[in-house]
Amino acid sequence: MGMTKIMFVCLGNICRSPMAEFIFKDIVARRGAADRFVIASSATSTAEIWNGIGNSVHPHAKAELAKHGLSCGGKRAVQLKKSDYDKYDLFIGMDSANIRDILRIFGGDPAGKVHKLMDYTDRGGDVADPWYTERFDVAYRDIFEGCTALLDAVLKRDRQ
Ligand code: 4NP
């Protein structure tokens, strides 16, 4: 069975995509599948990167992760690069604007690698940006649901 390399992507890489990175890492570890994945996260913008140095995870995102026993270590924001396209199998955006921006950075998606997280669930839609809504609990709930469905889809694909 091969490695699956997943890049979670949002606008700033300080709220939703780092939450997804560390939630997904925890889910795969609990399922005993950590060694089958490379998991990272990045931003479509440079809003949280100053002179090449990315900001840390938003304190409220960090607190929400901690509430669920998760740590986000020394994660700092980085921007998604065109050269990442060949290095990962899946690019998982949090909302429709992310998908548009990811496709702009890559100049297309010839291998069909770009997907929206909540499209793996039955309800679809966007992960609302808690940077604006301040609902980090809602973001956690949606991201956990999306990540669980994403893992199921990847494992099912690997069995085929
Ligand atoms: P994120 O949230 O995309 O979930 O990391 C945001 C973080 C920063 C900004 C916007 C959204 N910003 O404009 O700086």
Minimum heavy-atom distance between [X] and [Y], given as atom pair plus value:
| X | Y | answer |
| --- | --- | --- |
| I92 | M94 | O-CE, 3.7 Å |
| K81 | I105 | C-CG2, 4.0 Å |
| P130 | A139 | CG-CB, 4.0 Å |
| D119 | G125 | OD1-N, 4.1 Å |
| C10 | P18 | SG-CD, 4.4 Å |
| S45 | A47 | OG-N, 3.2 Å |

Worksheet item: Checking salt bridge (Lys or Arg N to Asp or Glu O under 4.0 Å) for the pair R123/E145: CA distance, chi angles, key distance, verdict?
Response: CA-CA 10 Å; R123 61 193 172 95; E145 188 183 337; 2.7 Å; yes

Item to complete: Before giving the answer on salt bridge (Lys or Arg N to Asp or Glu O under 4.0 Å), spell out for D95 and K116 the whole-Å C-alpha distance, their side-chain angles and the decisive distance to 0.1 Å.
Response: CA-CA 6 Å; D95 62 30; K116 203 166 65 164; over 6 Å; no

Worksheet item: Does the side-chain contact (heavy atoms from CB on, under 4.5 Å) test come out yes or no for L90 and V154, once each step is laid out?
Response: CA-CA 10 Å; L90 290 170; V154 170; 4.0 Å; yes

Euclidean distance, [Y] [atom2] relative to [X] [atom1], rounded to 0.5 Å:
| X | Y | atom1 | atom2 | result |
| --- | --- | --- | --- | --- |
| T148 | I27 | OG1 | CD1 | 3.5 Å |
| L150 | I143 | CG | CD1 | 12.0 Å |
| R141 | I23 | CZ | CD1 | 12.0 Å |
| K67 | Y140 | NZ | OH | 9.5 Å |
| L70 | E64 | CG | CD | 10.0 Å |
| S41 | M7 | OG | CE | 7.5 Å |

Should [X] and [Y] be counted in the same cluster of Ile, Leu, Val, Met, Phe, Trp and Tyr side chains packed under 4.5 Å apart?
| X | Y | answer |
| --- | --- | --- |
| I6 | L155 | yes |
| L151 | L117 | yes |
| Y132 | I14 | yes |
| Y120 | V28 | yes |
| L80 | V38 | yes |

Discussion item. Evaluate V138 against T133 for side-chain contact (heavy atoms from CB on, under 4.5 Å), listing each step before the verdict.
Written reply: CA-CA 9 Å; V138 171; T133 65; over 6 Å; no

Fill in: Residue list, ring-ring contact (aromatic ring centres under 6.0 Å, His included) with Y85, at least two apart or on another chain
F91, F106

Is it true that atom [atom1] of [X] has more than 12 heavy atoms of other residues, nucleotides or ligands lying nearer than 6.0 Å?
| X | atom1 | answer |
| --- | --- | --- |
| K5 | NZ | no |
| D122 | CG | no |
| R30 | CZ | no |

Practice prompt. Under the salt bridge (Lys or Arg N to Asp or Glu O under 4.0 Å) rule, what do R31 and D152 come out as? Steps first, then yes or no, please.
Written response: CA-CA 11 Å; R31 298 241 200 136; D152 287 343; 3.2 Å; yes

Worksheet item: With a 4.5 Å heavy-atom cut-off, do D142 and M118 have their side chains touching?
Response: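 With C-beta onward as the side chain, the pair touches.
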
Worksheet item: Side chains of T44 and R100: does their closest heavy-atom pair fall under 4.5 Å?
Response: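 Heavy-atom side-chain distance check fails, nothing below 4.5 Å.
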
Item to complete: Might you work through the side-chain contact (heavy atoms from CB on, under 4.5 Å) test for R16 and F8, ending with a clear yes or no?
Response: CA-CA 9 Å; R16 293 165 298 172; F8 293 102; over 6 Å; no

Discussion item. I'd like to know whether T4 forms a side-chain contact (heavy atoms from CB on, under 4.5 Å) with D89, so could you lay out the CA-CA distance, the side-chain angles of the two residues, the decisive distance to 0.1 Å, and finally the verdict.
Written reply: CA-CA 6 Å; T4 301; D89 303 301; 4.2 Å; yes

Worksheet item: So, does T121 use its side chain to make a donor-acceptor pair with the main chain of G124 at under 3.5 Å?
Response: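 Yes; at least one donor-acceptor contact below 3.5 Å.
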
Practice prompt. Would you please indicate if the ring centroids of H68 and F144 are separated by under 6.0 Å?
Written response: no

Practice prompt. Take D129 and R135 through the test salt bridge (Lys or Arg N to Asp or Glu O under 4.0 Å) and record every step on the way to the result.
Written response: CA-CA 8 Å; D129 194 339; R135 291 299 301 268; over 6 Å; no

Worksheet, complete the sentence: Checking Q79, E21, K75 against N13 for side chain to side chain donor-acceptor pair (under 3.5 Å), the one that qualifies is K75

